[in-house]
Amino acid sequence: MIIDLRSDTVTKPSKGMLEAMMEAKVGDDVFREDETVNQLETRLANMFGKPSALFFPSGTMANQTAIKLHTNPGDQVVCDKYAHIYNYESGGVAFNSGASCKLIDGNRGMFTAQQVIDAINPEAYYYSPTRLVEIENTANRGGGSCWDFNEILKIKAVCNTNNLGFHLDGARLWNALVEKNENTKQYGDVFNTISVCLSKGLGCPIGSVLIGDEAIMKTAIRIRKVFGGNMRQAGYLAAAGLYALDNNIDRLVEDHKKAKEIGQMLSKLSIIKTVEPIETNIVIFELNKNVNENSFIQKLKEKNIHIIGMGTNKLRIVTHLDYTDTMHEKFLEILKNLTI
Ligand SMILES: *Cc1c(COP(=O)(O)O)cnc(C)c1O
């Protein structure tokens with residue numbers, strides 16, 4: 001039995017999901033004739049109270065499309081130093097949009113409205129025009145941290161005053177909604193564009209959706225085409241998404257509970273310096289200086305537990321729907337008796 005805790009993307013489609021995929025009614029999506037894709041897009045648009053949604057093969061493509069829609073070459077995007085769009089999208093902001101990022105030195109991937117105000121460039125021809133504010137909820141590198149919705153509202157007010165777009169990278173928004181008892185509509189009210197992943201905690205093999213206002217989404221399909229994201233009978237994939245929305249959101253609380261229990265066990269180990277606060281399904285912890293990151297990972301690997309390093313002696317564990325109760329018990333037992 002291999003216990004894979006490297007990411008919540010390692011899940012495989014369940015039997016129920018595969019059945020839903022097999023039964024999907026499909027058509028050529030380039031002609032907009034795939035009724036399952038259309039159904040998924042309509043459903044997500046309605047969930048967020050937005051007029052428009054578009055299915056994408058990846059979260060990166062959905063975010064990159066949003067950034068392209070909000071900016072012109074030379075513009076600046078305000079985001080956290082930990083942001084996925086900045087760190088893990090292969091320099092796409094510059095490559096695809098010719099834009100730059102103004103990084104905020106936030107706290108666990110989150111920042112304040114005042115920090116946004118301070119990051120906006122004054123209007124002068126020698127500055128890069130600030131055009132977009134981007135936040136991530138939950139913040140991945142921030143350890144699955146959840147934003148305070150009041151701060152989001154304050155940032156929205158700053159965006160309105162300064163005529164800035166507001167984009168949410170909601171790859172793991174589902175985790176935040178479940179943990180904080182929030183709803184999709186309140187997010188739809190605030191953001192111009194929102195990307196959500198179906199292939200993280202929700203367990204789909206592929207798929208993200210960009211949701212947004214009519215005017216800005218009008219050219220989204222053209223940008224997706226330019227980025228190479230046209231799909232044909234994608235309804236087989238969209239069916240997985242619909243299944244996930246029906247079956248896999250509420251259960252995320254289980255992943256959060258397990259992550260917290262892992263964190264409690266880790267904090268008892270003498271080889272561990274700190275465990276970062278755990279709010280959702282991500283556990284980030286730091287080893288003592290005298291413990292080598294790679295030997296720790298290797299030690300667990302010998303016991304069929306897979307986790308990943310983040311550099312600087314920090315490691316990451318992510319719980320997910322294929323991490324069963326049995327695996328959880330076994331992992332806690334192994335941790336308890338771990339010697340390095
Ligand atoms: C995974 C992820 C994405 C999208 O990644 P893809 O692998 O391109 O689907 C975007 N933002 C965050 C915060 C993520 O964790």
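All values below were derived from every heavy atom in this structure, side-chain atoms included, with hydrogens, water molecules and symmetry-related copies excluded. Whatever order the structure lists them in is the order used to number ligands and atoms, beginning at 1.
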**Report entry** Donor-acceptor contact below 3.5 Å, side chain N313 vs main chain N288
**Finding:** yes
Report task. Please answer whether the main-chain N or O of F166 pairs with a side-chain N or O of N192 as donor and acceptor at a distance below 3.5 Å. Result -> yes
Query raised in the report: Taking the side chain from D169 and the backbone from I135, do they hold a donor-acceptor pair closer than 3.5 Å?
Result: no
Query raised in the report: Which ligand 1 atoms, with their elements, are less than 4.0 angstrom from a heavy-atom of N63?
Result: 10 (C), 11 (N)
Query raised in the report: Got a donor-acceptor contact below 3.5 angstrom from the E41 side chain to the F55 backbone?
Result: yes
Query - Interfacing atoms of ligand 1 (cut-off 4.0 Å, heavy-atom, R172) - result: 15 (O)
Query - Residues D29, R224: salt bridge by 4.0 Å N-O rule - result: yes
Query raised in the report: How about W147 and Y187: are their ring centres within less than 6.0 Å of each other?
Result: no
Report summary line: Ranking V318, T9, T60 by closest non-hydrogen atom to atom 8 (O) of ligand 1, top hit is T60
Requested in this report: Using distance alone, decide if ligand 1 has a nitrogen or oxygen within less than 3.5 Å of any nitrogen or oxygen in E89.
Outcome: no
**Report entry** E136 neighbourhood, listing ligand 1 atoms whose heavy-atom distance to it stays under 4.0 Å
**Finding:** 13 (C)
Requested in this report: Identify the protein heavy atom lying closest to atom 2 (C) of ligand 1, giving its residue, its atom name and the separation to 0.1 Å.
Outcome: K200 NZ, 2.2 Å
Query raised in the report: Considering residues at least two apart in sequence or located in another chain, which fulfil the salt bridge (charged side-chain N to carboxylate O under 4.0 Å, His left out) criterion with K15?
Result: E19
Report task. State whether the shortest distance between N or O atoms of T138 and N or O atoms of ligand 1 falls below 3.5 angstrom. Result -> no
Requested in this report: Give a yes/no verdict on whether any heavy atom in M61 is under 4.0 Å from an atom of ligand 1.
Outcome: no
Query raised in the report: In the protein, which heavy atom is nearest to atom 9 (O) of ligand 1, and how far is it?
Result: G59 N, 2.8 Å
Query - Side-chain donor-acceptor contact under 3.5 Å, N63 with S195 - result: yes
Query raised in the report: For atom 11 (N) of ligand 1, which protein heavy atom lies nearest, and how many Å away is it?
Result: D169 OD2, 2.6 Å
Report summary line: Taken in chain and number order and not counting sequence neighbours, the residues that satisfy side chain to side chain contact (heavy atoms under 4.5 Å, CB included) with T112 are Q114, Q115, E151
Report summary line: Within 4.0 Å of some non-hydrogen atom of S58, the atoms of ligand 1 are 8 (O), 9 (O)
**Report entry** Sub-3.5 Å N/O-N/O distance, S208 and ligand 1
**Finding:** no
Report task. Answer yes or no: does an N/O atom from C197 fall short of 3.5 Å to an N/O atom of ligand 1? Result -> no
